[in-house]
Protein chains: 2
Amino acid sequence: MGTATIRDVARQAKVSLKTVSRVINRESSVRDETRERVLRAIEQLDYRPDLSARSLRSAKAYAIGLVYDNPNPYYIIAVQQGALAACREMGFGLQIHPCDSRGPKLAEELRDLVHRSRLAGLVLAPPMSERMALLRELAAYNIPLVRVISAAEDPHDGFPCVFVDDRDAAYAITAYLIQLGHLRIGFLWGGKQHRSSPERYKGYEKALRDYGVPMSDELVLEGDYSFDDGFRGARRLLGLAEPPTAIFGSNDEIAAGVLAAARAAGLHVPYDLSVAGFEDSPFSRHSWPSLTTSRQRTELIAEHAARLLIAQIHGGDVENEGFSPELVVRGSTAPPRPKA
Amino acid sequence: MGTATIRDVARQAKVSLKTVSRVINRESSVRDETRERVLRAIEQLDYRPDLSARSLRSAKAYAIGLVYDNPNPYYIIAVQQGALAACREMGFGLQIHPCDSRGPKLAEELRDLVHRSRLAGLVLAPPMSERMALLRELAAYNIPLVRVISAAEDPHDGFPCVFVDDRDAAYAITAYLIQLGHLRIGFLWGGKQHRSSPERYKGYEKALRDYGVPMSDELVLEGDYSFDDGFRGARRLLGLAEPPTAIFGSNDEIAAGVLAAARAAGLHVPYDLSVAGFEDSPFSRHSWPSLTTSRQRTELIAEHAARLLIAQIHGGDVENEGFSPELVVRGSTAPPRPKA
DNA sequence: TCGCAAATTGACAACGTTGTCAGCCATGAC
DNA sequence: GTCATGGCTGACAACGTTGTCAATTTGCGA
């Protein structure tokens with residue numbers, strides 16, 4: 001039993017190829033009775049249209065690409081799930097494309113991908129989504145794209161996007177720590193190549209300013225979105241003459257490193273030190289104590305991005321949209337221990 | 001600049017379409033000088049063959065599918081990376097397909113996927129890879145497949161596979177705990193729908209028997225590959241009249257739950273309780289203390305599976321291959337505290 | 001009943017590639 | 001000089017689908 005083609009369906013339903021095509025593509029102007037017959041034939045033969053032939057002929061594409069370079073499995077899986085949900089709903093395929101965001105020929109690489117695999121467009125995850133030069137190159141190639149980016153507001157830069165207000169979320173976490181009574185709050189940066197890093201820092205900074213908490217350069221350390229940098233950073237902060245009573249790590253992995261460093265230093269979290277993360281990864285629930293963090297609806301965001309891309313391809317009007325993360329309070333934060 | 005087709009290349013190189021095709025496909029019987037000319041034209045026009053047209057015409061496929069239903073992001077990402085590495089090397093595409101392993105129409109779903117997207121075959125991750133009924137259905141549809149499975153030895157059941165010796169690895173972990181001096185070792189099962197679970201249990205059991213350590217039913221609890229079941233299971237074990245001095249969780253997530261339960265019970269790991277996991281996920285490095293576990297080269301295994309599948313499609317002889325995990329000793333295990 | 005527009009249907013070409021097969025040319029043996 | 005050989009090349013059809021456009025049918029008012 002070779003797989004059935006549109007030809008077999010046409011023969012069985014006693015109509016022309018084109019009519020079957022019309023039924024499949026839900027074009028109007030097919031008589032109900034004819035449509036019924038064709039649908040029955042499709043059912044009987046278990047026919048499915050061939051995507052290759054379809055996109056070859058129609059010059060439309062039935063798949064989109066998901067481009068990322070992010071070492072965080074939780075994030076990636078969530079993005080994939082979200083994008084897939086949108087794709088399945090719209091009858092699209094999804095082609096994943098992990099890549100090196102610092103590769104010199106990234107634009108060409110992506111163009112080849114789109115061309116060879118006949119992709120209708122790309123969803124770009126950070127940090128690719130924030131490289132204006134790359135975006136311009138892709139636009140020059142006429143590749144439709146939607147970005148997932150970190151921004152306090154709609155960037156209005158002409159490239160459609162779904163944006164996440166990292167700044168606001170970081171503000172909320174910092175404000176929460178201040179309200180608990182913390183006055184010396186350490187901040188550990190994420191990777192500089194991610195726009196979310198400065199955004200999160202700005203939120204931290206603004207909260208301190210708004211609440212009149214003195215800033216201190218020694219409490220802010222640069223680093224990467226990694227456990228190791230969290231560990232190292234925390235060790236340095238805890239070694240200060242006047243160490244912080246709370247540390248805000250720019251993501252959960254950093255915060256995990258902070259937890260480890262605190263334990264290594266014999267400190268009891270949250271009583272000797274409060275720790276906050278960012279992301280609400282499963283780790284933040286499974287660590288001990290579980291982490292106060294900021295929940296990003298990554299899956300929803302990615303789904304929305306994919307939906308936006310498909311709408312754009314279909315020629316619809318595309319409205320950027322913002323998502324605000326939400327504070328999640330767990331066991332790793334508490335009021336500071338009163339000074340002896 | 002519309003993307004170049006084989007036609008443009010032919011014109012530029014002043015040869016026929018077919019000759020260009022020959023050059024692209026590395027067929028012999030093209031004069032060196034002609035080949036040069038064609039290659040130059042390809043270079044100049046930046047031509048890339050269109051995969052849709054190619055697979056449409058040649059009835060060969062240039063992509064494979066990766067089928068999984070596994071809630072563990074670390075595992076999935078590793079599998080994806082491995083499969084992608086093989087695909088890129090061989091000029092194949094990869095289509096990911098997360099699905100519900102208990103879905104009633106899974107075989108039909110996968111057949112449609114293969115058919116619609118013209119996939120050359122499927123790599124099946126656990127637990128799909130262990131459902132004989134599913135395998136037989138797919139075979140009846142003539143879908144080439146390679147499985148990643150848990151087995152102590154080549155299953156010789158006619159379905160090609162890459163197998164991982166979970167039993168042996170669990171034996172190694174248990175033996176290590178026994179050598180440290182533990183005589184009461186708790187065991188927390190993973191999900192029954194995964195064949196790796198009984199395999200790991202068998203390794204545990206065999207080690208106890210070989211070393212003459214008495215078995216005890218109360219030390220063995222069923223559950224799922226989850227943090228919560230690890231937490232609950234550990235709480236029950238620690239509440240026994242004679243609690244275990246070590247607990248072996250069937251994966252790192254379970255072990256993470258055990259760590260949390262131990263901490264909640266005021267126990268100090270590893271001095272009051274040794275904990276071992278399985279998988280060497282990043283969590284096992286980042287927890288405190290870091291976990292003794294078993295390293296599976298998931299990425300390599302998946303890469304090998306994809307390579308095997310592609311070789312099979314090309315008609316090559318296919319040899320199953322086994323991978324042995326490796327014991328990784330970290331801070332969560334120590335000799336038991338001497339009885340007071 | 002006829003005429004005409006609208007609704008419905010079908011014939012055919014085309015998308016970009018590769019398989020088939022035939023043709024050309026140089027070579028070397030007779 | 002003829003003929004077979006083998007290396008190289010090209011013309012053409014075909015893969016399964018949809019776009020174009022023309023043909024046919026239907027519905028309906030006159």
Would you classify B:Thr34 as touching base, sugar-phosphate or nothing, given that sugar-phosphate means primed atoms plus P, OP1 and OP2, and contacts are heavy atoms under 4.0 Å?
-> sugar-phosphate
With a non-hydrogen cut-off below 4.0 angstrom, is B:Thr5 in contact with a base, only sugar-phosphate, or nothing?
-> sugar-phosphate
Quick one: label B:Arg118 by what it contacts on the DNA or RNA (base, sugar-phosphate, nothing), any heavy atom closer than 4.0 Å.
-> sugar-phosphate
Within 6.0 Å of CZ in B:Arg7, more than 12 heavy atoms from elsewhere | no
Could you give the CZ-to-C1' distance, from B:Arg7 to C:dT17, as a whole number of Å?
-> 11 Å
Check every strand shown and say whether A:Tyr47 touches a base, only sugar-phosphate, or nothing at a heavy-atom separation below 4.0 Å.
-> sugar-phosphate
Nucleotide nearest B:Ala53 when distance is taken to its side chain, options C:dG16, C:dT9, D:dA11 = C:dG16
Ring centers of B:Tyr68, B:Tyr75 separated by less than 6.0 Å = no
Nucleotide C:dG10, atom P - distance to NZ of A:Lys14 in whole Å = 12 Å
What nucleotide among C:dT18, C:dT9, D:dT18 has an atom nearest to a side-chain atom of B:Leu17?
-> C:dT18
Find the distance A:Asp32:CG to D:dT25:P and express it as a whole number of Å.
-> 20 Å
Among the nucleotides D:dC8, C:dT20, C:dA11, which one has an atom lying closest to any side-chain atom of A:Lys18?
-> C:dA11
Given D:dT9, C:dA14, C:dT9, the nucleotide with the shortest approach to the side chain of A:Arg57 = C:dA14
Ignoring hydrogens and angles, state whether a donor on the side chain of A:Asn320 or A:Arg147 is under 3.5 Å from an acceptor on the partner side chain.
-> no
Within the structure, does a side-chain N or O atom of A:Thr19 lie under 4.0 Å from either OP1 or OP2 of C:dG10?
-> yes
Just how far, in rounded Å, is P of D:dG16 from CG of A:Leu45?
-> 14 Å
CD of A:Glu27 versus P of D:dG19: gap in Å, rounded?
-> 7 Å
With no angle test and no hydrogens, is the base of C:dT17 tied to the side chain of B:Arg54 by a donor-acceptor pair under 3.5 Å?
-> no
What's the CZ-P distance between A:Arg31 and D:dT24, to the nearest Å?
-> 16 Å
Are OP1 or OP2 of D:dT18 and a side-chain N or O of A:Ser58 less than 4.0 angstrom apart?
-> no
Examine the base of D:dG10 for any acceptor or donor lying under 3.5 Å from a partner atom in the side chain of B:Arg22, and report the outcome as yes or no.
-> yes
Consider the side chain of B:Asp50, meaning its heavy atoms from C-beta on, and name the nucleotide among C:dT18, C:dT17, D:dG19 that approaches it most closely.
-> C:dT17
State yes or no: are the ring centers of A:Phe323 and A:His304 separated by less than 6.0 Å?
-> yes
In plain terms, say whether A:Arg111 and B:Asp46 are close enough for a salt bridge, that is, a side-chain N and a carboxylate O under 4.0 Å apart.
-> yes
Taking D:dG10, C:dT17, C:dC15 as options, the one with an atom nearest any side-chain atom of A:Leu56 is C:dC15
